[in-house]
2 protein chains.
Amino acid sequence: MILKSQVEWALHCCAILSGLPEGRYLSTKALAEFHGLPKEYLSKALQSLSQAGLVHTTLGPSGGYRLARPPAEVSFLDIVEAVEGSGRTFVCNNIRANNPCRPKGFCDTGPCAVARVMWQADEAWRNTLRGVTMADLGQTLSQEIPPDIWSGTFAWVLKRAG
Amino acid sequence: MILKSQVEWALHCCAILSGLPEGRYLSTKALAEFHGLPKEYLSKALQSLSQAGLVHTTLGPSGGYRLARPPAEVSFLDIVEAVEGSGRTFVCNNIRANNPCRPKGFCDTGPCAVARVMWQADEAWRNTLRGVTMADLGQTLSQEIPPDIWSGTFAWVLKRAG
DNA sequence: TTAAATAGGGATATCTTGTATCCTTAATAG
DNA sequence: CTATTAAGGATACAAGATATCCCTATTTAA
């Protein structure tokens, strides 16, 4: 059970977009080159973000993506769910219902006790991701990346932003 | 990102094995019939439990599986990891290292900030599963299943236990 | 002692999902 | 008008999940 690599890509792209000045955009091409990723396939991940309403897009030259909301209002969970879907990691096929000792329909009253525990774990996972935003990530990054590299990156991005 | 159905199977099988009297065993055949599962494939899941040391096995007629430890010492996490593996759900491919503005080897000092957050969520998930044992599950089940069905199931199992 | 039942595991087949590329269309800026 | 862009459909390929079959060694029951 491993998350798609698109999740990683989407998170890093949003991290970059978080640092983008108001009103400017970054294209798929720029984001792909920056991260060394296949442009066409990365595009699919960005489309997922777009469909989820996390990013705003414009067409044409100097078009591309920017965050649709302030970084403090975009959580890890938002991004992960946009790409990976919001389904649970544990799917209950209700195999307890096959128990030959149970009358038909006996298991219709509510979810299986096994599933409830598994879903509780899923919730704990979600809650952690819900609690960290792109603003938090930016804070962390600016603390652990030396100023010269940080500003160099910033310049690189701005040069390619529309 | 969905857990294998074998995880569900393994959990339910361990739940049944938890109720087995000392020294008795349940075969793959019995467990498969009880849950309505494909015998051969369920066998692979049970082999995973065996390799993880969660169950003890014997050969021959009246052979099969029993828990290797008391139910209170077998957690959901033990079972999930036995079947699904203990790897993280988020794999960091360190794409930040492709950033053209970073000198070679700059990212060797430690894991990416994005990965750290994702792994923190994984830990929350694990911690939840670590905190629930087969004994807890048995307690829950005995409370929500009517006594007659509970004892009927118990009889069914014993009839097929070696 | 023999026969039946069992776990273990290798080989194989199939189906689903993730990964990746290519191409067309519509919109937009210069 | 032209170059550039996002969106999305079609397709191909790889990897993993699901499932079955078969053989072997071991152990119990008769």
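Letters A, B, ... mirror the listed sequences (proteins, then strands); counts begin at 1.
Distances shown here put every side-chain N or O of Thr57(B) at or beyond 4.0 Å from the OP1 or OP2 atom of dT6(C). Within the 4.0 Å cut-off from OP1 or OP2 of dA7(D), not a single side-chain nitrogen or oxygen of Gln51(A) is found. Taking only side-chain nitrogens and oxygens, Ser5(A) comes nearer than 4.0 Å to OP1 or OP2 of dT19(C). Close to dA29(C), at under 4.0 Å from its OP1 or OP2, lies no side-chain N or O of Tyr25(A). Proximity of Thr28(A) to the phosphate of dA6(D): a side-chain N or O atom is located under 4.0 Å from OP1 or OP2.
In this structure, Met1(A) places its CE atom 22 Å from P of dT16(C), rounding to the nearest Å. If you measure from atom CD of Glu8(A) to atom C1' of dT19(C), you get 14 Å, rounded to the nearest angstrom. In this structure, NZ of Lys29(B) is placed 12 Å from C1' of dA4(C), rounded to the nearest angstrom. Remark: P of dT20(D) and OH of Tyr41(B) are 10 Å apart, rounded to the nearest angstrom. In this structure, CD of Gln47(A) is placed 14 Å from C1' of dT21(C), rounded to the nearest angstrom. For Tyr65(A) and dT4(D), the OH to P distance is 17 Å, given to the nearest whole Å. One can place NE2 of His56(A) at 10 Å from P of dA7(D), the figure rounded to the nearest angstrom. dT4(D) atom P lies 18 Å from atom CG of Leu31(A), rounded to whole Å.
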Report, one pair per line, the protein and nucleotides 24-30 of chain D atoms (nitrogen or oxygen only) whose separation is under 3.5 Å.
residue	atom	partner	partner atom	Å
dT28(D)	O3'	Ser62(B)	OG	3.4

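Contact check for Asn98(B) versus Phe34(A): no side-chain heavy atoms found under the 4.5 Å cut-off. Residues Arg69(A) and Met134(A) fail the side-chain proximity criterion, which asks for heavy atoms closer than 4.5 Å.
Within the model, atoms SG of Cys101(A) and CD1 of Ile145(B) stand 10.5 Å from one another, a figure rounded to the nearest 0.5 Å.
Applying the side-chain hydrogen bond (donor to acceptor under 3.5 Å, both in side chains) test to every pair with at least one member in residues 84-94 of chain A, sequence neighbours left out, gives these pairs: Thr89(A)-Asp122(A), Asn94(A)-Arg96(A).
Here dA17(D) is the nucleotide among dA7(D), dG18(C), dA17(D) with the atom lying nearest to any side-chain atom of Lys4(B).
Arg126(B) and Glu81(B) are joined by a salt bridge, as a carboxylate oxygen and a charged side-chain nitrogen come within less than 4.0 angstrom of each other.
Taking the six-membered ring where tryptophan is involved, the planes of His56(B) and Tyr25(B) are tilted, since the angle between them lies from 30° to 60°.
The residue among Leu46(A) and Pro38(B) whose nearest nucleotide of DNA chain D lies closer to the 5′ end is Leu46(A). Remark on DNA chain C: of its neighbouring residues Gln6(A) and Glu40(B), the 5'-side contact belongs to Glu40(B), judged by nearest-heavy-atom nucleotide.
Residue Lys44(A) places no side-chain atom within donor-acceptor reach of the base of dG18(C), judged by atom type and a 3.5 Å distance cut-off alone.
Between the side chains of Glu144(A) and Thr140(A), no donor-acceptor pair of N or O atoms lies under 3.5 Å.
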